[in-house]
Chemist: 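Questions regarding the structure given below will be posed in turn.
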Amino acid sequence: MERVYNFSPGPAVLPLSVLEEAQRDLLALPGTGISILEISHRSKSFQSIIDTAEANLRKLMNIPDNFRVMFLQGGASLQFGMLPMNLLNGKSADYIVTGTWSKKAMGEAKKIGSINCVWNGSETNFNHLPTTEELQAKLDPDAAYVYYTSNETIQGVQFPTEPEVGRPLVCDASSEFLYKPIDWSKYGCVYACAQKNCGPAGVTIVVMRDDFVAASPDNLVNILSYKTMSENGSMLNTPPCFAIYIFKLVTDWMLNTVGGVDKMYECNQQKAALLYDVIDRSNGFYLGHAEKNCRSLMNVPFKMATSDLDKQFLADAAAEGLVSLGGHRSVGGFRASIYNAMPLEGVQKLAAFMEDFMKKNG
Ligand SMILES: *Cc1c(COP(=O)(O)O)cnc(C)c1O
């Protein structure tokens, strides 16, 4: 069967060359005669895969030596609980709520300890970001950390630069990780589940500064402790071998085919501009959700003035091989997720389709 252009928010499109390589080596990893699905995580071959995954990531993202890299399970959602369990130590934390995912993260953190909501954009259905003044007015100088979600996958709201809080940030970067370089001096932790922008479901990449890792209390269950997981090289127990392997292939692809994160960022800007341009020139036929200064380069939610033509739009798009464009129920309309692995041609085709649909129905 032919592959289509898959605009799913997650699990999402992977680079074709990655899938082909995984397919080629599925029965026997080079030099082993054993499938990645069968191999011991204690084998030399697997150790080399996880080491290369980390080395690739460090090189791509220029991660300083005082940060640890962990490959964990439980999705991004486990981090919602694990972060406060490890980092609060009797203090409170500041949360910036800019969409569904930061709201969920705050809800979970509240079960663990005392949480201060610095800003909440729910009144306008999360279509914009706080100003620096709004943020700074509510920050607690004694908070253990300041938490935010750099790209809200559902509302398509993305921080163009880090919020200015003057203290180390903890960031859920699930739906944008590896989309552009990161200024690590601003962070205590950046984490991301892989299945949006850098791999399949099953692994969450946590990059955490040494002093944050050291904060884990000793009475935590081992598997919930950053300190223990990090000391054991993410292999306290069986790690998600296959997901880590695919993440390694994705980082190989970014280094060798894309040519690095700066190149990726240029391409991501170009792709997003194609869609926002159609929306902006449509005279209100298409309406974007987020305000212009925080529109996401990764997830582009938009709708039409009424929902009468929604089904038609999705059916016509699918007929052209453009799929998974339905919007989240909380926002309505459509959402085009155009992650790193979505080729420029896929976005060009969608932009042309949107123009064409407007001409026929506008
Ligand atoms: C998808 C997503 C999550 C949840 O990820 P799971 O791995 O399903 O727990 C959290 N945060 C963001 C920003 C996401 O896009």
Side-chain angles (χ1 to χ4, degrees), residues 6-14 70-85 95-112 120-122 125-127 129 145-160 162-163 169-180 182 187 189-207 223-224 229 234 239-240 242-244 246-247 250 268 272 289-290 294-301 324 326-331 335-342:
N6 173 19
F7 294 91
S8 164
V13 58
L14 284 166
M70 289 167 264
F71 297 99
L72 305 182
Q73 303 194 52
S77 298
L78 181 60
Q79 298 308 310
F80 298 169
M82 211 167 147
L83 286 160
M85 281 180 192
Y95 275 66
I96 305 171
V97 178
T98 52
T100 305
W101 290 114
S102 43
K103 187 175 161 202
K104 281 199 176 151
M106 183 173 75
E108 293 288 88
K110 280 184 171 169
K111 297 175 186 170
I112 309 294
N120 187 328
S122 63
N125 199 10
F126 301 114
N127 70 346
L129 294 174
Y145 58 90
V146 182
Y147 182 100
Y148 86 113
T149 302
S150 50
N151 182 61
E152 286 285 356
T153 321
I154 290 175
Q155 287 80 14
V157 166
Q158 188 170 36
F159 280 82
E162 287 81 4
L169 292 158
V170 167
C171 175
D172 175 359
S174 290
S175 48
E176 65 160 48
F177 195 52
L178 308 189
Y179 98 109
K180 76 167 184 185
I182 286 183
Y187 291 96
C189 173
V190 176
Y191 74 93
C193 56
Q195 74 271 19
K196 310 298 170 61
N197 207 27
C198 53
V203 66
T204 296
I205 298 101
V206 179
V207 185
I223 204 151
L224 297 178
M229 291 310 277
S234 306
F242 185 71
I244 293 169
I246 299 291
F247 176 75
V250 170
N268 284 328
H289 180 70
C294 57
R295 296 198 289 205
S296 171
L297 303 193
M298 303 276 101
N299 311 95
V300 181
S324 318
H328 189 272
R329 62 193 174 283
S330 66
V331 177
R335 171 172 43 163
S337 296
I338 48 174
Y339 297 121
N340 285 358
M342 171 57 67

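Read the numbers this way: they start at 1 and go in the same order the structure lists the ligands and their atoms. Residue numbers start at 1 and run along the sequence shown. No hydrogens, no waters, no symmetry mates; every other heavy atom, side chains included, goes into these values.
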Chemist: I need the nearest protein heavy-atom contact for atom 5 (O) of ligand 1: residue, atom name and distance, please.
Modeler: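 Heavy-atom neighbour on the protein nearest atom 5 (O) of ligand 1: Ala76 CB, 3.4 Å.
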Chemist: Looking at OG1 of Thr204 and CZ of Phe71, how far apart are the two atoms once the value is rounded to the nearest 0.5 Å?
Modeler: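 That separation rounds to 11.0 Å.
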Chemist: In the protein, what heavy atom is nearest to atom 14 (C) of ligand 1, and what distance, to one decimal place, separates them?
Modeler: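 That would be Lys196 NZ, 2.8 Å.
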Chemist: Show which atoms of ligand 1 fall inside a sub-4.0 Å distance from at least one heavy-atom site of Thr153.
Modeler: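 Those qualifying, in numeric order: 12 (C), 13 (C), 14 (C), 15 (O).
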Chemist: Looking at Asp172, which atoms of ligand 1 are within less than 4.0 Å of one of its heavy atoms?
Modeler: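 So the atoms of ligand 1 that pass are 10 (C), 11 (N), 12 (C), 13 (C).
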Chemist: Mind checking whether Glu162 and Tyr187 have side chains closer than 4.5 Å, heavy atoms only?
Modeler: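 Side-chain contact under 4.5 Å: yes.
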Chemist: Checking the N or O distance criterion of under 3.5 Å, is ligand 1 in contact with Gly74?
Modeler: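 No, there is no polar N/O contact under 3.5 Å.
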Chemist: Flag the pair His328 / Pro301 as yes when at least one side-chain heavy-atom distance between them is below 4.5 Å, and no otherwise.
Modeler: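 Of all side-chain heavy-atom pairs linking Pro301 with His328, none is under 4.5 Å.
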Chemist: Which protein non-hydrogen atom lies closest to atom 9 (O) of ligand 1, naming both residue and atom, and how far is it?
Modeler: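 Nearest neighbour among protein heavy atoms for atom 9 (O) of ligand 1, to 0.1 Å: Ser77 OG, 2.6 Å.
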Chemist: Mark up the atoms of ligand 1 that fall under 4.0 Å of a heavy atom belonging to Cys193, in ascending order.
Modeler: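 By the 4.0 Å cutoff, the relevant atoms are 5 (O), 7 (O).
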Chemist: Over 60° means perpendicular and under 30° means parallel, so tell me whether Tyr191 and Tyr147 are parallel, tilted or perpendicular.
Modeler: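 Answer is tilted, since the angle falls between 30° and 60°.
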Chemist: Measuring from the heavy atoms of Gln195, does anything fall under 4.0 Å of ligand 1?
Modeler: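 The answer is yes: ligand 1 sits under 4.0 Å from a heavy atom of Gln195.
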Chemist: Between Asn197 (side chain only) and Phe177 (backbone N and O only), is there a donor and an acceptor less than 3.5 Å apart?
Modeler: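 Such a contact is found between Asn197 side chain and Phe177 backbone.
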Chemist: At under 4.0 Å between heavy atoms, which part of Phe80 makes contact with ligand 1: side chain, backbone, both or neither?
Modeler: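 Under 4.0 Å from ligand 1, Phe80 contributes side-chain atoms alone.
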Chemist: Can you find an N or O of Thr149 that's nearer than 3.5 Å to an N or O of ligand 1?
Modeler: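 It does not: no N or O of Thr149 is found under 3.5 Å from an N or O of ligand 1.
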Chemist: Enter the distance from Cys193:SG to Gln73:CD here, rounded to the nearest 0.5 Å.
Modeler: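 Spacing of SG (Cys193) from CD (Gln73) equals 13.5 Å.
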Chemist: I'd like to check which ligand 1 atoms, numbered from 1 as shown, lie under 4.0 Å from a non-hydrogen atom of Gly75.
Modeler: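 Near Gly75, the atoms of ligand 1 are 7 (O), 9 (O).
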Chemist: Can you list the atoms of ligand 1 that are under 4.0 Å from a heavy atom of Ser174?
Modeler: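 Counting from 1, the qualifying ligand atoms are 11 (N), 12 (C), 13 (C), 14 (C).
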Chemist: Mind checking the CG-NZ spacing from Asn340 to Lys180? Nearest 0.5 Å is all I need.
Modeler: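 The NZ atom of Lys180 is 13.0 Å from CG of Asn340, to the nearest 0.5 Å.
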Chemist: Have Tyr339 and Asn299 got a donor and an acceptor in their side chains that come within less than 3.5 Å?
Modeler: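 There is such a pair (donor and acceptor under 3.5 Å, judged by atom type) between the side chains of Tyr339 and Asn299.
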